[in-house]
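Below, chain A is the first sequence line, B the second, and so on; all start at residue 1. Values below: every heavy atom of this structure, side chains too, minus hydrogens, waters and symmetry copies.
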Amino acid sequence: MLMSGAKMLLECLVREGVDCFFGYPGGVTLPFYDALYDHPIRHVLVRHEENACFAAEGYARATGKVGVCCATSGPGATNLITGLVDSMMDSIPIVALTGQVSTKLIGSDAFQEADTFGITRSCTKHNYLVKKLEDLPQVVHEAFYIAASGRPGPVLVDVPKDVFQGQSHYQPVTAIHLPGYKVYTEGHTGQIRRAAQLIGESQRPMVYAGGGIIAAGASGELRALVELVDAPAVTTLMGLGALSATHPNFVSMPGMHVSYAANMGMTHCDLIIALGVRFDDRVTGRLAAFAPHAKVIHVDIDPAEIGKNRAADVPIVGDVKRVLGKLNKLLEDALPVDQAKRAAARKAWWAQLRKWQAEHPLVPVTSDSEIKPQHLMMEIDRLSGGKAIVTSDVGQHQMWAAQFIRFTEPRQWINSGGLGSMGFGLPSAIGAQFARPDKLVFSIVGDGGFQMSIPELATVASYGLPIKIVVMNNGYLGMVRQWQELFYNNRLSAVELDCFPDAEKLAGAYGFKGRTIDKPWELTPALEEAVRDPGPYLLNVKVSPHECVYPMVPAGGAINEMVLGPPQPVAVPK
Amino acid sequence: MLQVISLLVENKPGALMRVTGVLSARGYNIESLTVARTLDPGLSRMTIAVDVDAALRQQVIKQMNKLVNVLQAVDLTEERAVLRELVLVKVRAVQGTRTAVLKEAEIFGARVVDSSPEGFALEATGDLEKLDEFIDVMRSYGEVECTRSGVVAVALEPKKLRLQPPVPTKAAANSEEKDGVLNG
């Protein structure tokens, strides 16, 4: 069948199961958008290309499916970059489609030309420039396969205008052959046996689980492991929800901003069972002092992660779901013997952990006169009841949300972890709401990040997305302020955001409801009103401006050297 | 010590950029790089000599092996391997020194590829140190101009090449179990 390149691309998207994608049109993508005009696939028009990629990420993070975004050549493509790096850092499957100037014009500095293929080489898992229409279907299917398999990531396909316009016979692609693309799934049987043995011998094990569990859909296996071994478990920022926060073995998140018990547990354990994690610097603190007594079992699908930051005693390259399936079976068989052997030691280990938890719990700070950010997060947690999807930007609000909102399932917590992109929270909520129309979606953002994504209020309004945008407004770029306060002699340089729009008027201008509150007694009714409202809602919550996130491991510190609270004496703003 | 990396890559646009990107992203400067196609015209053999911190060498190899276009990347630094480089040297040699230059060239196994009243163009191959010496010796006779090819290497131990078989597309496999394709 004779078909245009543009139609062929849509046909391939349909065959990949894409029902919705996020984009912004332009000159060279005109033929593509023309084909889209009477095509059933849903295109969501965002207001900035960066947000198209963030929305695709929200969609992918909420579902596990490949998120798709689309932009024109030149500035459209360069605007995608932050989103591409963001999805690369957090291993999110994305296919980004970009238009390119016609093949004959490539390299001539044509209008809106940029070397997208060259520019995106280092911020994608793989990328393509399609110079012949005949290659297009093969490339699109390869892109989806690469994005979703192994360690997921972004793949970009750059399509020149004349390739969209060309006509060719469409032949469905049935197989992909990438001889050099290695995906290791099974895990080495001998190593898995060694892991089971180490676990059996361990007196003080810790399970350290991350985003890999969520990517692999291995929550069930993780839970089974934690219960079989009866080990305390920490999950990383990317792994929140991999094990329910209400599970008795769940300790919290380890690292720079989270609990004393988690960090002390990591420091004093004798075995780390690391699953789909990368020993990120925000988790390990000073690497040389990290978990000095522990042996390490490291399971990851990416061989390059193993031994990158911390040497593994038992390295296992594989899909964590399959590896845990096999490991759990071995542990089950050895359970009666192991349990008897380790009962006393495990009791002492748990007693120690409970002691640490009791000594320095995460303090749910509240006040009678002002809204404390922690209080805000606890109220959102209460309203969510472990059911809502929560997205965030990066910074103080992200850390407080991670500390106080209890996620019970994977894919409820959507945030920019590795790259830490401001302006991620709102567009990713748009993607998540399209992916999960049945879910209550909170977008928790700071007053800084929100002002980076204001254009997307138009998208929210235009599609009537019932997202509850909660601005944690402290009038500062709070995390930067916190560091200036603590490490730069309180010289607050360029961090005060002294102008913020009137939320009621701003939301009103887009045709939905908004409100500003600053009294603690307003908090619960205002949040309840926002949730009750059937449409979008912008709730601007003025919180106490000088609150800092604690505990905190100063940069370069060991994770057991936490600062647990503000320096004394405390200057309490009256 | 220089790290010598041998890669088998698909002969595709951008493949070179992807491989060198692994090094440039970490701030490493490439000492030499050679690329040429193999018996299979769809594949190229690349040899890279680069000064990488010992602690990061494994990581660099792993990152290269992750690239879709790379079939195999191996570190030959500590392996049994033959390393050779070719150099073309133009040396000024007038009446008095011509015989001596030719004698020295013979000692290094170099061939004369051009001769003129002003001097010779010589071609020599050898390992890196031998070529350094050769160039030094030629310098002692006068001005030289030289072009080195960069090192090429062949491993003496057989390297098992693991290639991935074709997989059905999601569209083709949709009738089967859905997760199968996603997880390879």
Report task. Report yes or no: is the cationic atom of B:R92 (NZ for Lys, CZ for Arg) closer than 6.0 Å to the six-membered ring centre of B:Y141, at no more than 45° off its axis? Result ->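 Not satisfied by the 6.0 Å and 45° rule.
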Report task. Verify whether the ring centers belonging to A:Y145 and A:Y181 lie closer than 6.0 Å. Result ->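 Yes, ring centres under 6.0 Å apart.
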Report task. For residues B:A73 and B:M64, report the shortest heavy-atom separation together with the two atoms involved. Result ->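 Smallest heavy-atom distance, with atoms named: CB-CB, 3.9 Å.
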Query - Minimum-distance pair of heavy atoms, taken over all atoms of A:A435 and A:A62 - result: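 The pair with the smallest heavy-atom distance is CB-CB, 4.2 Å.
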Requested in this report: Tell me, for B:L67 versus chain A, whether the close heavy atoms (under 4.5 Å) come from the side chain, the backbone, both or neither.
Outcome: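 The backbone, not the side chain.
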Report task. Take the angle between the ring planes of A:F279 and A:H298 and call it parallel below 30°, perpendicular above 60°, tilted in between. Result ->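 It falls in the perpendicular class, over 60°.
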Of the backbone (N, CA, C, O) and the side chain (C-beta and beyond), which part of [X] lies under 4.5 Å from a heavy atom of chain B, both, or neither?
| X | result |
| --- | --- |
| A:I146 | side chain |
| A:D302 | side chain |
| A:Y184 | side chain |

Report task. Give the member of B:Q72, B:Q58, B:K62, B:K12 that has the highest number of heavy-atom pairs under 4.5 Å with chain A. Result ->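 Option with the top pair count is B:K62.
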Requested in this report: Please determine, among B:Q63, B:K66, B:R162, the option with the most heavy-atom pairs under 4.5 Å with chain A.
Outcome: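 The answer is B:K66.
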